[in-house]
Amino acid sequence: MVSCLVFLVAACQAPITNSLLNHFTEHVINNLNNSSTLEAHCKSKDDDLGLRRLAAGTEFNWTFRVNFWSTTLFFCDLRWANGHKAFDVYCPDDQFLAKKCAYNFCRWSARDDGIYAFSEKKNHYVLAHKWDPK
Ligand SMILES: *[C@@H]1O[C@H](CO)[C@@H](O)[C@H](O)[C@H]1NC(C)=O
Ligand SMILES: *[C@@H]1O[C@H](CO)[C@@H](O)[C@H](O)[C@H]1NC(C)=O
Ligand SMILES: *[C@@H]1O[C@H](CO)[C@@H](O)[C@H](O)[C@H]1NC(C)=O
């Protein structure tokens, strides 16, 4: 777990060119079937957003300011009855943002078969992570 997050952080160190970004919103959405509850624990280096329990069909969102040097990094640990996953939800990297986010938001949709990200490039949700078994 710890080594995994260290790896994710390391994989995220890349220069950013879209410094026009200012406010950025993250959405974590429970789109699991069968009324499954989703637990989300999201953090950055400086902020711990606490453990959130999301009922089916609800979301948790937060907005933050992207600093000029863009060292902001957020990651979440999501878990439900059939799996869990820890992954970066905001990474100041153009490729990450183009593939997994839109111009000023990321939408992470937890579904039975994995976690989907809304890709601005594709204009629809794409499977970003499969669940690790519990
Ligand atoms: C959710 O319910 C459907 C229909 O009853 C079932 O096929 C499916 O296996 C259930 N999924 C989970 C994760 O329990
Ligand atoms: C953020 O989440 C709340 C529920 O927690 C919801 O009412 C609100 O519409 C969401 N905001 C956006 C911009 O989606
Ligand atoms: C449950 O979720 C999966 C993956 O999101 C979806 O393909 C399926 O149609 C959903 N419905 C049921 C009843 O399992």
Side-chain angles (χ1 to χ4, degrees):
M1 180 62 183
V2 167
S3 61
C4 174
L5 290 177
V6 168
F7 171 76
L8 289 173
V9 169
C12 225
Q13 305 293 324
I16 186 159
T17 54
N18 50 354
S19 54
L20 290 178
L21 281 178
N22 193 2
H23 286 91
F24 202 93
T25 303
E26 288 287 332
H27 302 260
V28 175
I29 308 161
N30 179 356
N31 289 131
L32 294 167
N33 293 329
N34 303 350
S35 309
S36 299
T37 298
L38 177 73
E39 288 188 349
H41 195 169
C42 300
K43 298 182 195 185
S44 69
K45 190 158 52 75
D46 307 315
D47 286 308
D48 185 334
L49 303 176
L51 180 66
R52 306 282 173 142
R53 280 168 194 280
L54 300 180
T58 66
E59 75 160 271
F60 164 47
N61 53 55
W62 72 97
T63 298
F64 57 96
R65 190 182 280 272
V66 177
N67 57 39
F68 180 76
W69 295 108
S70 209
T71 51
T72 309
L73 177 69
F74 275 98
F75 51 90
C76 291
D77 184 16
L78 302 188
R79 42 189 73 226
W80 66 297
N82 286 1
H84 69 94
K85 187 76 195 175
F87 59 100
D88 289 329
V89 294
Y90 179 84
C91 180
D93 172 74
D94 289 338
Q95 246 188 314
F96 176 95
L97 294 171
K99 273 162 91 175
K100 297 181 171 166
C101 298
Y103 74 102
N104 67 348
F105 66 84
C106 303
R107 281 180 194 277
W108 300 95
S109 166
R111 303 181 186 180
D112 286 18
D113 58 342
I115 299 156
Y116 287 70
F118 186 83
S119 162
E120 180 171 45
K121 212 168 156 184
K122 302 213 162 145
N123 198 33
H124 60 75
Y125 280 98
V126 293
L127 180 63
H129 302 284
K130 293 224 170 195
W131 297 106
D132 290 334
K134 272 208 125 170

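Fair warning: this is a prediction, and the values are worked out from it, not measured in the lab.
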Would you check, one step at a time, whether the test side chain to side chain contact (heavy atoms under 4.5 Å, CB included) holds for Ser119 with Lys99?
CA-CA 5 Å; Ser119 162; Lys99 273 162 91 175; 5.5 Å; no

Between the main-chain N or O of Gln95 and the side-chain N or O of Asp93, is there a donor-acceptor pair closer than 3.5 Å?
yes

Linking I/L/V/M/F/W/Y whenever their side-chain heavy atoms sit closer than 4.5 Å, directly or via other members, would Tyr116 and Phe75 fall into one cluster?
no

Could you pull out the closest heavy-atom pair between Gly114 and Leu127, with the gap in Å?
CA-CD1, 3.8 Å

Here the gap from Thr58 atom OG1 to Arg52 atom CZ, rounded to the nearest 0.5 Å, amounts to 11.0 Å

In terms of ring plane angle, is the pair Phe105 and His27 parallel, tilted or perpendicular, where the classes change at 30° and 60°?
perpendicular

What are the two closest heavy atoms between Ala128 and Trp108, and how far apart are they?
CB-CZ3, 4.0 Å

Any idea which heavy atoms bring His23 and Asn104 closest together, and the distance?
O-CB, 3.7 Å

For the residue pair Val28 and Cys42, what are the closest heavy atoms and their distance?
CG2-SG, 4.4 Å

Are Lys43 and Asp77 side-chain neighbours, meaning at least one heavy-atom pair lies under 4.5 Å?
no

Same apolar cluster: Phe74 and Leu38, side chain cutoff 4.5 Å
yes

Please verify the inter-ring angle class for Tyr125 with Phe118; under 30° counts as parallel, over 60° as perpendicular, anything in between as tilted.
perpendicular

Pair Ser109-Asn31, side-chain donor/acceptor within less than 3.5 Å
yes

Student check: side-chain heavy atoms of Phe64 and Asp46 closer than 4.5 Å
no

Any idea which heavy atoms bring Arg65 and Thr72 closest together, and the distance?
O-OG1, 4.1 Å

Please confirm whether the backbone N or O of Arg111 pairs with a side-chain atom of Trp131, one donor and one acceptor, at under 3.5 Å?
yes

With a 4.5 Å limit on heavy-atom distance, are the side chains of Tyr90 and Pro92 in contact?
yes

Would you say Leu78 and Trp62 are hydrophobically clustered, going by side-chain heavy atoms of ILVMFWY under 4.5 Å?
yes

Give me the atom names and distance for the closest heavy-atom approach of Leu54 to Asn30.
O-ND2, 2.9 Å

Which residue pairs pass the salt bridge (Lys or Arg N to Asp or Glu O under 4.0 Å) test with at least one member in residues 118-134, sequence neighbours excluded?
Lys85-Asp132

Output the distance between atom CD (Glu59) and atom CZ (Arg107), rounded to the nearest 0.5 Å.
6.5 Å

Could you check whether any side-chain heavy atom of Leu73 comes within less than 4.5 Å of a side-chain heavy atom of Lys45, counting everything from C-beta outward?
no

List for me each residue that meets side-chain contact (heavy atoms from CB on, under 4.5 Å) alongside Asn33, sequence neighbours excluded, and say none if there are none.
Asp112

Gap separating the NE2 atom of His41 from the CZ atom of Phe60, nearest 0.5 angstrom:
9.0 Å

